[in-house]
Protein chains: 2
Amino acid sequence: MRHQAQVLKGHLDMLLLATLADGPRHGYAIKEALREVSGSRFDLPTGTIYPALHRLEDAGLIRGSWSTVDGRRRRTYELTSPGRRRLSGDRKAWQEFSCAVASLLGEEPWPATT
Amino acid sequence: MRHQAQVLKGHLDMLLLATLADGPRHGYAIKEALREVSGSRFDLPTGTIYPALHRLEDAGLIRGSWSTVDGRRRRTYELTSPGRRRLSGDRKAWQEFSCAVASLLGEEPWPATT
DNA sequence: GAGGCATACGTAGGATTCCTAGTTATCAAG
DNA sequence: CTTGATAACTAGGAATCCTACGTATGCCTC
């Protein structure tokens with residue numbers, strides 16, 4: 001019984017923070033932004049998004065506030081200062097990580113167009 | 001109680017397969033190769049390596065065989081055909097994944113050398 | 001006014017993965 | 001004989017992501 005590919009592989013928190021770097025968004029909008037910007041590669045179920053946002057809020061990396069728009073309640077999140085610092089560190093870590101992986105994957109960095 | 005950073009984030013199997021792409025190696029040698037090629041970024045405990053190798057062998061992606069060298073028993077692994085195919089697919093998936101992440105991380109793809 | 005769809009939030013529990021912390025054993029160097 | 005490098009193993013815990021639900025509103029169509 002194989003689990004469906006967990007495409008995010010531990011980088012979800014970074015991606016959520018990155019999505020909020022442009023400005024505050026509510027949960028559903030974050031999900032949509034992630035889907036659109038990634039060309040549907042990151043089309044995450046809400047059961048992935050919402051618990052992750054709660055994690056980030058508990059960790060003090062984002063701050064949420066309730067509002068109501070058109071009769072629907074929304075929880076809008078924005079980055080905190082620690083969140084901004086974390087994102088900055090995550091970006092650096094990602095560079096290092098992806099470089100290390102690329103070098104381990106071997107000399108062929110790009111499939112030749114021939 | 002924060003867990004120590006899980007630097008591999010779901011890509012361990014791919015890295016192990018990639019290490020075997022150059023030719024057969026035994027477990028300990030794989031661990032060392034991973035450490036050296038990555039500049040010590042991937043210095044994994046044996047409790048990570050060995051179970052992962054067992055997983056890959058159970059999945060039929062690598063094949064192991066016992067031998068004894070200098071009185072020490074070794075289990076040497078080599079890629080199977082399915083393993084080679086998997087690695088090839090993993091490389092492609094990695095390209096897509098890392099591109100998607102890069103685009104979500106924003107416009108600054110590389111820190112300027114200025 | 002009933003049904004369906006998009007919006008919007010949530011939780012419970014399972015599967016998987018990686019790490020910590022331990023064990024066993026050989027060989028070489030001191 | 002003790003330490004350190006080599007070489008393999010396992011048990012159990014913590015974290016993460018997914019599946020599968022549940023709740024509710026507004027809008028559009030029938």
Side-chain angles (χ1 to χ4, degrees), chain A residues 1-17 19 24-36 38 41-59 61-62 64-77 90 97 101, chain B residues 1-17 19 24-36 38 41-59 61-62 64-77 90 97 101:
Chain A
M1 206 74 75
R2 288 266 264 94
H3 217 41
Q4 178 145 318
Q6 303 192 191
V7 282
L8 295 149
K9 314 202 164 167
H11 301 282
L12 173 60
D13 290 7
M14 173 178 66
L15 297 179
L16 293 175
L17 294 176
T19 302
R25 273 201 177 93
H26 64 280
Y28 195 84
I30 292 173
K31 172 181 146 64
E32 292 302 294
L34 228 42
R35 191 174 56 77
E36 278 160 30
S38 73
R41 262 185 292 264
F42 299 144
D43 192 0
L44 309 174
T46 65
T48 295
I49 300 279
Y50 291 120
L53 290 171
H54 300 333
R55 269 205 311 271
L56 292 173
E57 188 170 18
D58 288 346
L61 301 173
I62 62 179
S65 59
W66 286 109
S67 60
T68 303
V69 175
D70 290 330
R72 289 192 191 87
R73 62 183 192 142
R74 287 181 174 173
R75 189 151 181 89
T76 300
Y77 294 100
D90 281 352
F97 175 72
V101 170
Chain B
M1 206 74 72
R2 286 267 265 93
H3 218 41
Q4 179 145 316
Q6 302 193 191
V7 283
L8 295 148
K9 314 200 164 166
H11 301 282
L12 173 59
D13 290 7
M14 173 178 65
L15 296 179
L16 294 175
L17 294 176
T19 303
R25 274 201 176 91
H26 64 280
Y28 196 84
I30 293 173
K31 171 182 146 63
E32 292 302 295
L34 228 39
R35 192 175 55 76
E36 277 159 32
S38 72
R41 263 186 292 266
F42 299 144
D43 191 1
L44 308 175
T46 63
T48 295
I49 300 280
Y50 291 119
L53 290 171
H54 299 333
R55 267 206 310 271
L56 292 172
E57 189 169 19
D58 289 345
L61 300 172
I62 61 179
S65 59
W66 286 107
S67 61
T68 302
V69 176
D70 291 331
R72 290 190 190 87
R73 61 184 191 138
R74 287 181 173 174
R75 188 149 181 90
T76 299
Y77 294 99
D90 281 352
F97 175 72
V101 170

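Letters go in sequence order (proteins before strands), and every chain restarts at 1.
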*What is the distance, rounded to the nearest whole Å, between atom CG of L16(B) and atom C1' of dC18(C)?*
12 Å
*Could you tell me the separation between the CG atom of D70(B) and the P atom of dA5(D), rounded to a whole number of Å?*
17 Å
*Rounded to the nearest angstrom, tell me the gap between atom CE in M14(B) and atom C1' in dT17(C).*
15 Å
*Tell me, please, which residues at least two apart from D90(B) pass side chain to side chain donor-acceptor pair (under 3.5 Å).*
none
*R75(B): what forms a side-chain contact (heavy atoms from CB on, under 4.5 Å) with it, not counting sequence neighbours?*
E57(B), W66(B), Y77(B)
*Measure the distance from CZ on F42(A) to C1' on dC17(D) and round it to the nearest whole Å.*
13 Å
*Just how far, in rounded Å, is P of dT16(D) from CG of L12(B)?*
18 Å
*Among all residues two or more places apart in sequence or in another chain, which pass the side-chain contact (heavy atoms from CB on, under 4.5 Å) test with A29(B)?*
R25(B), H26(B)
*Starting from P on dC17(D), measure out to CG on L44(A) and report it in whole angstrom.*
9 Å
_For a quick test of reading the model: is some side-chain N or O of R55(A) closer than 4.0 Å to OP1 or OP2 of dA15(D)?_
no
_Could you measure the distance from the CG atom of L53(A) to the CD1 atom of I30(A)? Nearest 0.5 Å is fine._
5.0 Å
*Using the test side-chain contact (heavy atoms from CB on, under 4.5 Å), find all partners of P45(A) that sit at least two apart in sequence or belong to another chain.*
T48(A)
*Contact letters for nucleotides 5-12 of chain C, in which S counts primed atoms plus P, OP1 and OP2 and B counts the base, heavy atoms under 4.0 Å*: -BBBBBB-
_If I take atom NE2 in residue H11(B) and atom P in nucleotide dT17(C), what distance separates them, rounded to the nearest angstrom?_
13 Å
*Partners of P51(A) by side-chain contact (heavy atoms from CB on, under 4.5 Å), sequence neighbours excluded?*
none
*Could you tell me the separation between the CD1 atom of I49(A) and the P atom of dC17(D), rounded to a whole number of Å?*
10 Å
